[in-house]
Amino acid sequence: MKKLCVIGDPVLHSKSPLIQNTMIRALGLDYEYFCVLVKKEELTDWMARALREGWAGFNATMPHKQALVPLMDHLDTDAALFQAVNTVCCRDGEFYGFNTDGGGFVRVLEQAGVPVKGSRFTVLGAGGAAKAIVLELAEQGAGQVLVCNRTAEKAEALSAVFPDRITARGFSPAELSDACKSADVLVNCTNLGMIGSPSFENLDFLQSLPGGVPVFDLIYHPEQTDLLAEAEDLGHPVTNGLPLLINQAILSLEHFSGLAIDPAAMIPLVEKALDDDKP
């Protein structure tokens, strides 16, 4: 039995074991997936332990994604571009680092019938997940990516990577409204609206979206944020963060196992497992 896990702090609330073990059983793989609490200062000790105990690989969440980068023997293109690792394969005593954030979101767009190439995206936020998504969209040929963020420096750092495709914007109501006017797709990568976090001060900027523009929110707890509820009331197709969570997991298991996994077969199984797990 090969061992896989997710590491982080906090991490014991993670749905990754449920998602991964559901897929592992469905595919008949000889793996088992766990949660392992690894504090920030324990990361290098964990790396040695992973090799010593023969772990096949692990996923990483906060606070380890950036700290893992210099510890890898090999980095894939996305992990190097984003300077963040969320999937690690242990092979022959070496660490192979991957990042599934950007690729997972592109899969979500494909499944929703939303093209990347040539489309104009307005992205709210410039943190870790936003960085991966923004850079992936630009790399995949998006026509324009407007990054709206309270901290100008973070948005400007992203625009410097692909200055012909990424533009930094502010987060005032007027700037959000203006950024929505030209959007083909709106993506919320902030924690605004998440349970336990603040909400948007107001959602008037949604009035500026052209009719029928799809709205994505990376938050999946709650299942429908105020942003998605308001957007849906205005007639926009909406998608929460659950499809991204599942597609990231599928990509990770592909790296771990070396298999090509059919998302159309896996997604309904995982959704049912998550639904059955609700209190």
Side-chain angles (χ1 to χ4, degrees), residues 15 101-102 104-134 136-138 140 142-150 154-155 158 165-248 263 267 271 274-275 278:
K15 297 294 185 185
D101 288 330
F105 188 67
V106 168
R107 283 195 176 188
V108 172
L109 293 173
E110 289 170 353
Q111 291 157 10
V114 177
V116 174
K117 199 168 182 65
S119 293
R120 297 166 298 181
F121 291 83
T122 293
V123 177
L124 311 183
K131 178 180 180 180
I133 286 170
V134 165
E136 185 78 17
L137 292 173
Q140 295 289 331
Q144 178 190 59
V145 186
L146 299 182
V147 183
C148 302
N149 197 57
R150 294 189 192 279
K154 281 190 175 182
L158 290 179
R165 291 186 178 162
I166 303 173
T167 304
R169 293 286 182 88
F171 211 80
S172 70
E175 287 167 309
L176 290 176
S177 293
D178 189 58
C180 285
K181 288 177 184 175
S182 61
D184 296 317
V185 185
L186 176 65
V187 187
N188 177 41
C189 298
T190 75
N191 66 348
L192 295 174
M194 185 186 296
I195 288 178
S197 297
S199 297
F200 284 92
E201 291 175 12
N202 68 69
L203 295 167
D204 293 348
F205 58 89
L206 291 174
Q207 303 283 346
S208 298
L209 279 177
V213 164
V215 177
F216 295 83
D217 195 328
L218 300 198
I219 294 168
Y220 57 88
H221 189 51
E223 291 181 10
Q224 188 179 56
T225 59
D226 291 343
L227 173 74
L228 292 186
E230 179 69 17
E232 192 169 46
D233 285 346
L234 292 169
H236 298 281
V238 299
T239 304
N240 70 8
L242 190 58
L244 175 58
L245 183 71
I246 297 172
N247 277 284
Q248 287 173 317
I267 289 172
E271 287 178 337
L274 289 168
D275 197 51
K278 289 177 184 175

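- Val145 and Ala142 get closest at one heavy-atom pair: CG2-CB, 3.9 Å.
- For the residue pair Val147 and Ala126, the shortest heavy atom distance occurs at CG1-CB, 4.0 Å.
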TODO: Could you check Leu203 against Leu227 for side-chain contact (heavy atoms from CB on, under 4.5 Å), going step by step and ending with a plain yes or no?
DONE: CA-CA 7 Å; Leu203 295 167; Leu227 173 74; 3.8 Å; yes

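- Within the 4.5 Å cutoff, the side chain of Ile246 has heavy atoms near those of the Glu271 side chain.
- For the atom pair CG (Leu176) and CG (Leu206), the distance works out to 9.5 Å, reported to the nearest 0.5 Å.
- Minimum interatomic distance between Ser182 and Gln144 (heavy atoms only, all atoms of both residues): OG-OE1, 3.7 Å.
- Ser177 places a side-chain N or O within donor-acceptor distance of the main-chain N or O of Pro173, the cut-off being under 3.5 Å.
- Between Leu109 and Leu137, some side-chain heavy-atom pair lies under the 4.5 Å cut-off.
- For CD of Glu175, the number of neighbouring non-hydrogen atoms (other residues, nucleotides, ligands) closer than 6.0 Å is greater than 12.
- Evaluation of the ring pair (Phe, Tyr, Trp, His ring centres under 6.0 Å) test over residues 104-130, restricted to residues two or more places apart or in two chains, returns Phe105-Phe216.
- Atom CG of Leu234 and atom CD of Glu230 lie 5.0 Å apart (nearest 0.5 Å).
- The minimum heavy-atom distance between Ala179 and Thr122, with the atom names listed, is O-OG1, 2.7 Å.
- Considering CG of Leu244 and OG1 of Thr239, their distance stands at 11.0 Å, rounded to 0.5 Å.
- In this view, Asn247 and Gln111 satisfy the side-chain hydrogen bond (donor to acceptor under 3.5 Å, both in side chains) rule, not counting sequence neighbours.
- Screening residues 185-204 for ring pair (Phe, Tyr, Trp, His ring centres under 6.0 Å), with sequence neighbours left out, gives Phe200-Phe205.
- Distance check: Leu192 CG to Leu124 CG gives 8.5 Å after rounding to the nearest 0.5 Å.
- Atom SG of Cys180 is separated from atom CG of Leu186 by 5.0 Å, given to the nearest 0.5 angstrom.
- When all heavy atoms of Ile133 and Cys189 are compared, the pair lying nearest together is CD1-SG, 4.1 Å.
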Task: side-chain contact (heavy atoms from CB on, under 4.5 Å) between Asn240 and Thr225, worked out - done: CA-CA 8 Å; Asn240 70 8; Thr225 59; over 6 Å; no

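- Using a distance-only test at 3.5 Å, with no hydrogens or angles considered, no donor-acceptor pair links the side chain of Ser119 to the main chain of Asp184.
- When all heavy atoms of Val116 and Gln140 are compared, the pair lying nearest together is CG1-CB, 3.7 Å.
- Considering only heavy atoms from C-beta on, Arg150 stays 4.5 Å or farther from Thr190 through its side chain.
- Formation of a donor-acceptor pair under 3.5 Å by the Arg165 side chain with backbone atoms of Ala138 is found in this model.
- With values rounded to the nearest 0.5 angstrom, Lys15 atom NZ is found 6.5 Å from Leu274 atom CG.
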